There are 2 protein chains.
Amino acid sequence: MLPTQCFHDVDQSATCCSFGPCAHEKPATIMDQVPRVTTRELRAKEHIFFEGDHKTHVYLVESGAVSIYKVLVDGSRQIIDFALPGDVIGLGSNSEHINSAQSTVATRLQRVSFDVLQRQAQKNPQLAMQLYAALSEELAAARDLLVTVGQRSASQRVVAFLLALSRRNRRYGKDPSDIVLPMTRSDIADFLGLTIETVSRTFSSLKSKGLIVLGRNAQVDLTDLEALERLCAEQ
Amino acid sequence: MLPTQCFHDVDQSATCCSFGPCAHEKPATIMDQVPRVTTRELRAKEHIFFEGDHKTHVYLVESGAVSIYKVLVDGSRQIIDFALPGDVIGLGSNSEHINSAQSTVATRLQRVSFDVLQRQAQKNPQLAMQLYAALSEELAAARDLLVTVGQRSASQRVVAFLLALSRRNRRYGKDPSDIVLPMTRSDIADFLGLTIETVSRTFSSLKSKGLIVLGRNAQVDLTDLEALERLCAEQ
DNA sequence: CGGTACTTTGATATTCATCAACTCCCGTGG
DNA sequence: CCACGGGAGTTGATGAATATCAAAGTACCG
């Protein structure tokens with residue numbers, strides 16, 4: 001097992017918020033098995049690749065954050081996943097990218113050649129199975145997000161999003177009630193299938209209820225995790 | 001490449017309806033590489049497995065239709081995919097199912113042992129890569145549905161759904177303007193993140209506009225494919 | 001400092017969910 | 001053969017949630 005662009009945790013049992021604990025600990029196993037790893041630095045809002053581009057590399061996020069998204073003809077955008085430090089971008093056997101990727105903040109990436117990775121996988125069944133497991137997690141994450149967007153109210157979606165970041169913090173040994181949002185309201189809105197205004201209003205509402213405190217620098221304090229969990233599950 | 005539960009087509013370029021042509025033709029390559037294939041017959045609305053169940057088999061849909069879904073604590077259901085004839089259910093490296101599966105109509109399945117398949121894949125890199133490609137398609141399908149549910153209006157979702165079935169027909173050499181819906185309005189609603197009533201009203205509205213004709217036996221005639229495509233893309 | 005991008009807040013409009021009643025279809029049993 | 005019953009589908013009336021439009025406020029970067 002190895003980390004993927006599993007931004008929100010994959011919940012096997014669909015309790016609560018459809019986000020749950022994600023069990024991968026080993027960081028970047030894939031990258032260790034392939035030679036010639038190079039790094040790339042990005043400022044905020046730089047593109048890594050576009051949908052339809054020929055797939056040249058697979059990337060590991062070292063720091064920062066990347067949005068994986070699709071755009072419709074009318075220009076509206078659905079962010080499919082946020083790739084955070086430790087997550088891998090660009091897996092899948094297609095020779096072309098099926099979505100676009102853009103840094104949401106300043107970001108540092110490691111990259112390996114897609115072809116080299118594919119060839120290694122052909123020779124090494126264990127690597128192939130690792131790739132398979134990684135993709136399997138991405139699939140679970142995409143489906144969890146689908147459940148959230150398809151079935152939950154605006155405030156439940158936002159809370160689910162915050163709790164997913166909280167759980168990620170816990171997984172990495174950081175404070176689960178003190179999270180950072182490395183993306184704009186607009187990014188969050190496009191991730192949750194809402195508008196900027198609705199996301200902003202929901203934050204304000206949670207703040208006025210004393211469930212969160214909005215700090216400087218995109219910092220958010222989750223002052224009542226239990227109440228948030230309840231909010232996310234209820235109805 | 002091999003077929004998966006890619007109900008709607010995977011559109012590489014996110015044109016129109018986020019559903020597009022899906023290029024797999026070889027049916028059931030996986031099943032041919034594993035011994036002891038058995039079959040199972042189901043009446044409508046029988047369960048194949050539940051979320052959390054130990055994964056014993058991987059299934060190929062021979063006839064009928066299967067809904068893959070998750071339920072939330074409040075009882076609401078999100079159908080994640082419809083598996084139709086030729087599609088495979090139960091892939092992924094988890095030892096437990098991460099969603100439930102239920103026939104929507106009378107259905108016949110082929111099944112192979114999950115463990116046997118895993119072991120074969122360990123030994124046979126080509127099979128492993130096939131599984132990888134299959135999962136890759138499932139992921140693309142889940143993401144396309146996410147885009148539809150997250151960004152489109154009720155009528156656009158319904159039309160996208162109809163057009164996906166139409167394209168599937170075309171791919172299998174059948175009439176793309178004469179489709180069958182092997183599921184209830186309730187299933188469609190839970191797939192598209194809508195209510196039964198909204199789905200029904202949308203069908204009625206499309207009918208009154210002369211874009212579709214509702215026939216007997218869940219048959220739907222798409223009398224103006226171009227107008228439907230336009231409806232799905234516009235705004 | 002000054003400008004730009006991002007965020008918040010308010011007023012209004014629209015879409016879709018909800019609640020409720022009714023119809024249709026099909027199978028079952030009297 | 002017809003009556004009954006239940007599941008599925010349709011249609012209408014209403015309300016709530018969220019999008020849209022508009023404007024002001026705030027932080028950040030040169």
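Below, read A as the first sequence line, B as the second, and so on, with proteins coming before strands; counting in each chain starts at 1. None of these values were measured; they are calculated from a predicted model.
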Could you state the [atom1]-[atom2] distance from [X] to [N], rounded to the nearest angstrom?
| X | N | atom1 | atom2 | result |
| --- | --- | --- | --- | --- |
| B:Gln151 | C:dT15 | CD | P | 17 Å |
| B:Leu206 | D:dT11 | CG | P | 12 Å |
| A:Asp190 | C:dT7 | CG | P | 12 Å |
| A:Ile212 | C:dT8 | CD1 | P | 9 Å |
| A:Leu194 | D:dT20 | CG | C1' | 14 Å |
| A:Ile196 | D:dA22 | CD1 | C1' | 14 Å |
| B:Gln156 | C:dT15 | CD | C1' | 13 Å |
| B:Asp74 | C:dA17 | CG | P | 14 Å |

Looking at every strand, decide which applies to [X] at a 4.0 Å heavy-atom threshold: base, sugar-phosphate, or nothing.
| X | value |
| --- | --- |
| A:Lys207 | nothing |
| A:Ser200 | base |
| B:Leu214 | sugar-phosphate |

Just N and O in the side chain of [X]: are any of them under 4.0 Å from OP1 or OP2 of [N]?
| X | N | value |
| --- | --- | --- |
| B:Thr198 | C:dA17 | yes |
| A:Arg216 | D:dC28 | yes |
| B:Arg185 | D:dT10 | yes |
| B:Ser204 | D:dT11 | yes |

Problem set entry | Whether B:His47 and B:Phe50 hold their rings parallel, tilted or perpendicular, with breakpoints at 30° and 60° | parallel
Problem set entry | Mutual orientation of the aromatic rings belonging to A:Phe82 and A:Phe191 [parallel < 30°, tilted 30-60°, perpendicular > 60°] | tilted
Got a list of side-chain donor-acceptor pairs under 3.5 Å for residues 203-212 of chain A, not counting sequence neighbours?
| unit_1 | atom_1 | unit_2 | atom_2 | d |
| --- | --- | --- | --- | --- |
| A:Ser204 | OG | A:Ser200 | O | 3.1 |
| A:Ser208 | OG | A:Ser205 | O | 2.9 |

For this session: Tell me which nucleotide among D:dA19, C:dT8, C:dC6 gets nearest to the side chain of A:Thr195.
Result: D:dA19
Exercise. Among C:dC16, D:dG9, C:dA11, which is the nearest nucleotide to the side chain of A:Arg201?
Worked result: C:dA11
Exercise. Got B:Leu146 and B:Asp144 here, is their nearest side-chain heavy-atom distance under 4.5 Å?
Worked result: no
Exercise. Quick one: on DNA chain D, does A:Ala154 or A:Glu197 contact a more 5' nucleotide (nearest heavy atom)?
Worked result: A:Ala154
For this session: Verify side-chain contact (heavy atoms from CB on, under 4.5 Å) between A:Gln78 and A:Asp190, making sure each step is shown before the conclusion.
Result: CA-CA 5 Å; A:Gln78 175 70 48; A:Asp190 287 350; over 6 Å; no
